[in-house]
Amino acid sequence: MSTSSWTMLAGAAAGAGLAVFGLVILVTGRAPNPTARAFRCVRDAGFYHFFFGAALGLVVIGTGINNPVVTTTITVLAIVMAGTALVRFRPRPRQRPVNR
């Protein structure tokens, strides 16, 4: 197996792991404490991980296809998904009430 194949396999495994982790968070409504603390709400954490995992998986799939139009379309979709995760669901701590 070539280095390229191993890299694609590792990327696909990482993407699938992130997507499944995000789906588990979304379905159960619970996240590990470090993950939950990094996001405003558990829903944001779930979508963030799901979108990044799906985007990584799409990039791996697009890389393996020899049709330039399909590859470009899949890559643009992956960029949109990753951008959505970064802009809409980015990690940020919960708002704490201000004591005056």
Side-chain angles (χ1 to χ4, degrees):
M1 194 174 235
S2 70
T3 304
S4 175
S5 297
W6 280 107
T7 304
M8 287 178 59
L9 184 63
L18 276 173
V20 168
F21 180 63
L23 284 176
V24 168
I25 291 172
L26 288 170
V27 169
T28 63
R30 295 174 27 181
N33 286 335
T35 302
R37 280 194 304 268
F39 291 88
R40 286 184 304 164
C41 64
V42 175
R43 180 180 166 271
D44 284 359
F47 276 117
Y48 181 83
H49 288 89
F50 174 72
F51 280 169
F52 261 110
L56 182 55
L58 285 174
V59 167
V60 170
I61 290 169
T63 302
I65 296 174
N66 289 330
N67 184 334
V69 174
V70 175
T71 300
T72 303
T73 303
I74 290 174
T75 302
V76 168
L77 179 61
I79 290 170
V80 168
M81 289 179 76
T84 301
L86 281 174
V87 173
R88 170 62 182 90
F89 302 109
R90 70 184 175 274
R92 48 191 162 193
R94 291 189 166 107
Q95 299 278 336
R96 295 183 188 181
V98 177
N99 294 329
R100 293 183 187 215

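It should be emphasised that the depicted structure is a prediction, and the values quoted were computed from it without experimental measurement.
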Look only at the side chain of Arg90 and the backbone of Val87, and say whether a donor-acceptor pair between them is shorter than 3.5 Å.
yes
Which distance, rounded to the nearest 0.5 Å, do you find between the CE of Met8 and the CD1 of Ile61?
9.0 Å
Rounded to the nearest 0.5 Å, how far apart are OG1 of Thr84 and CZ of Phe52?
10.0 Å
Enumerate donor-acceptor pairs with a distance under 3.5 Å from any side-chain N or O in residues 65-74 to protein atoms, sequence neighbours excluded.
{"unit_1": "Asn67", "atom_1": "OD1", "unit_2": "Val69", "atom_2": "N", "d": "3.1"}
{"unit_1": "Thr71", "atom_1": "OG1", "unit_2": "Gly62", "atom_2": "O", "d": "3.1"}
{"unit_1": "Thr71", "atom_1": "OG1", "unit_2": "Ile65", "atom_2": "O", "d": "3.0"}
{"unit_1": "Thr71", "atom_1": "OG1", "unit_2": "Asn67", "atom_2": "O", "d": "3.0"}
{"unit_1": "Thr72", "atom_1": "OG1", "unit_2": "Pro68", "atom_2": "O", "d": "2.8"}
{"unit_1": "Thr73", "atom_1": "OG1", "unit_2": "Val69", "atom_2": "O", "d": "2.8"}

What pairs meet the side chain to side chain donor-acceptor pair (under 3.5 Å) rule with one or both residues in residues 5-16, with sequence neighbours excluded?
Ser2-Ser5
For residues 41-55, the side chain to side chain donor-acceptor pair (under 3.5 Å) pairs (sequence neighbours left out) are Arg40-Asp44
Students should find that the hydrophobic cluster of Val27, defined by side-chain heavy atoms under 4.5 Å apart, otherwise consists of none
Hydrophobic cluster membership, [X] vs [Y], 4.5 Å side-chain cutoff:
| X | Y | answer |
| --- | --- | --- |
| Phe50 | Val60 | no |
| Ile79 | Leu77 | no |
| Phe51 | Leu26 | yes |
| Leu56 | Leu58 | no |

Evaluate whether atom CZ of Arg88 has more than 12 neighbouring non-hydrogen atoms of other residues, nucleotides or ligands under 6.0 angstrom away.
yes
Pairs in or reaching into residues 48-71: which pass salt bridge (Lys or Arg N to Asp or Glu O under 4.0 Å), with residues at least two apart or in two chains?
none
Nearest atoms (heavy-atom pairs only) where Val59 meets Ala78
CG2-CB, 3.7 Å
Acceptor/donor pairs from residues 10-25 side chains to any protein atom, 3.5 angstrom cut, sequence neighbours excluded:
none

